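Remarks on the structure that follows.
None of these values were measured; they are calculated from a predicted model. Any value given below was found using the heavy atoms of this structure, including those in side chains, with hydrogens, waters and symmetry copies removed.
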Amino acid sequence: MTTVQDAGRHGLYSQGFPPSGAMDDFSFRVANLLVGNDENAAALEATYMGPRLRFRETRTIALTGADMPAQVDGLPRPAWEAFEVNAGETLTFDYLKGGARTYIAVAGGFEVPEVLGSRSTYARVGLGGHDGRAVVEGDVLAVGEARVAGAKRIGARVDDWLRPTFQREVEVRIMVGLYSHRLTQDSLRAFLDS
């Protein structure tokens with residue numbers, strides 16, 4: 001499930017349109033800044049599995065978000081750092097090791113039409129992004145003009161201490177609500193323990 005996302009469309013909930021946009025706003029914006037884009041430029045959001053992308057032209061890219069190791073033509077490439085992919089090379093991903101979503105920003109951003117002020121995909125209703133759906137094999141995505149020369153961004157990186165970490169265990173707090181009287185003590189304990 002790889003979709004085109006930006007910071008989302010806001011202020012339209014009363015008309016039935018949720019914000020959409022990148023789920024991990026920090027990682028999304030950082031990916032764009034690493035390649036010299038406006039932080040709201042359209043990028044790809046890959047959920048749980050990364051896509052296989054063949055580049056038709058040389059571009060500076062950055063990968064942020066989930067821990068999903070990447071390779072270019074089989075050679076490992078860093079996350080949270082801008083690097084170049086040459087024309088004809090293919091970007092692929094290994095298995096997800098932590099987190100859920102990886103962001104792929106390309107210098108110039110992905111050029112899809114704005115719909116209601118955003119380039120984000122809202123797949124449930126087929127709106128925005130690339131034809132209102134996830135990217136599939138055979139799609140060709142246009143890329144805009146880079147604002148900053150790619151060579152100037154190569155090697156730009158985020159220090160390790162600024163990167164999010166993905167823990168295997170997460171503490172979740174709950175508050176027993178209005179209908180807690182419908183639960184037995186044993187069923188509540190079983191729910192909380194699992």
Could you tell me which non-hydrogen atom of Tyr122 sits nearest to which non-hydrogen atom of Ser20, and how far apart they are?
-> CB-OG, 3.5 Å

Hey, any chance Leu183 and Val176 share a hydrophobic cluster, counting ILVMFWY side chains that come within less than 4.5 Å of each other, even indirectly?
-> yes

Where the side chain of Arg153 meets the backbone of Leu34, is there a donor-acceptor pair that is under 3.5 Å apart?
-> yes

Are there more than 12 heavy atoms of other residues, nucleotides or ligands under 6.0 Å from atom CZ of Phe26?
-> yes

Can Glu171 and Arg173 be said to form a salt bridge (charged side-chain N to carboxylate O under 4.0 Å, His left out), step by step?
-> CA-CA 7 Å; Glu171 181 178 319; Arg173 297 177 185 191; 3.4 Å; yes

For the residue pair Ile61 and Phe83, establish whether any side-chain heavy-atom pair is separated by less than 4.5 Å.
-> yes

Should Val172 and Phe191 be counted in the same cluster of Ile, Leu, Val, Met, Phe, Trp and Tyr side chains packed under 4.5 Å apart?
-> yes

Which residue pairs pass the salt bridge (Lys or Arg N to Asp or Glu O under 4.0 Å) test with at least one member in residues 3-26, sequence neighbours excluded?
-> Asp25-Arg29

Check: Met23 main-chain N/O paired with Glu45 side-chain donor or acceptor under 3.5 Å = yes

Check for a donor-acceptor pair, side chain of Glu111 on one end and backbone N or O of Val143 on the other, with a separation under 3.5 Å.
-> no

Taking Arg157 for its side chain and Trp80 for its backbone only, find out whether a donor-acceptor pair lies under 3.5 Å.
-> no

With no hydrogens and no angle check, is any side-chain donor or acceptor of Ser194 less than 3.5 Å from a backbone partner on Ala190?
-> yes

Shared ILVMFWY cluster between Val135 and Val85, side chains joined below 4.5 angstrom?
-> yes

Return a table of donor-acceptor pairs under 3.5 angstrom between the side chains of residues 50-58 and protein atoms on other chains or two or more places apart.
from  : atom 1 : to    : atom 2 : distance (Å)
Glu57 : OE2    : Arg59 : NE     : 2.8
Glu57 : OE2    : Arg59 : NH2    : 2.5
Thr58 : OG1    : Ala87 : N      : 3.1

In short, Ala66 meets Gly99 closest at the heavy-atom pair CB-C, 3.9 Å

Check: Val4 main-chain N/O paired with Thr121 side-chain donor or acceptor under 3.5 Å = yes

Euclidean distance, Thr102 OG1 relative to Phe93 CZ, rounded to 0.5 Å = 6.0 Å

Measure the shortest side-chain to side-chain distance between Pro164 and Ser27 over non-hydrogen atoms and say whether it is less than 4.5 angstrom.
-> yes

Any donor and acceptor pair, going by atom type alone, linking the side chain of Glu89 with main-chain N or O of Asn86 inside 3.5 Å?
-> yes

CG on Leu96 to CG on Asp67, rounded to 0.5 Å | 7.5 Å

Separation of Phe28 CZ from Thr64 OG1 (nearest 0.5 Å) = 9.5 Å

Worked verdict on Asp38 versus Asn32 for side chain to side chain contact (heavy atoms under 4.5 Å, CB included) = CA-CA 6 Å; Asp38 178 273; Asn32 271 316; over 6 Å; no

Taking a hydrophobic cluster as the set of Ile, Leu, Val, Met, Phe, Trp and Tyr residues connected by side-chain heavy atoms closer than 4.5 Å, whether directly or through intermediates, do Val30 and Trp161 fall within one such cluster?
-> yes

Identify the heavy atoms of Pro69 and Tyr95 that sit nearest to each other, and give their distance.
-> CD-O, 3.6 Å

Among side-chain atoms of Thr92 and Gln71, is any donor-acceptor pair under 3.5 angstrom?
-> yes

Shortest non-hydrogen contact from Thr60 to Ala82?
-> CG2-CB, 4.0 Å

Could you give the distance from CG (Leu63) to CG (Leu91), rounded to the nearest 0.5 Å?
-> 6.0 Å

Please name all residues satisfying side chain to side chain contact (heavy atoms under 4.5 Å, CB included) with Ser14, sequence neighbours left out, ordered by chain then number.
-> none

Between His10 and Ala7 the two heavy atoms that sit nearest each other are NE2-O, 2.9 Å

Interatomic spacing from OG1 in Thr2 to CG in Leu44 - rounded to 0.5 Å = 6.5 Å

The reported gap from CZ in Phe110 to NE2 in His130 (rounded to nearest 0.5 angstrom) is 11.0 Å

Closest heavy-atom contact between Met1 and Ala123?
-> CE-CB, 4.5 Å

When you measure from the side chain of Ser118 to the backbone N and O of Ser120, does any donor-acceptor pair fall under 3.5 Å?
-> yes

Between Ile104 and Val72, is there a shared hydrophobic cluster once you connect ILVMFWY residues whose side-chain heavy atoms come closer than 4.5 Å?
-> yes

Arg133 and Asp139 ion-paired at < 4.0 Å = yes

Keeping the roles fixed (side chain from Asn37, backbone from Gly108), state whether a donor-acceptor pair exists under 3.5 Å.
-> yes

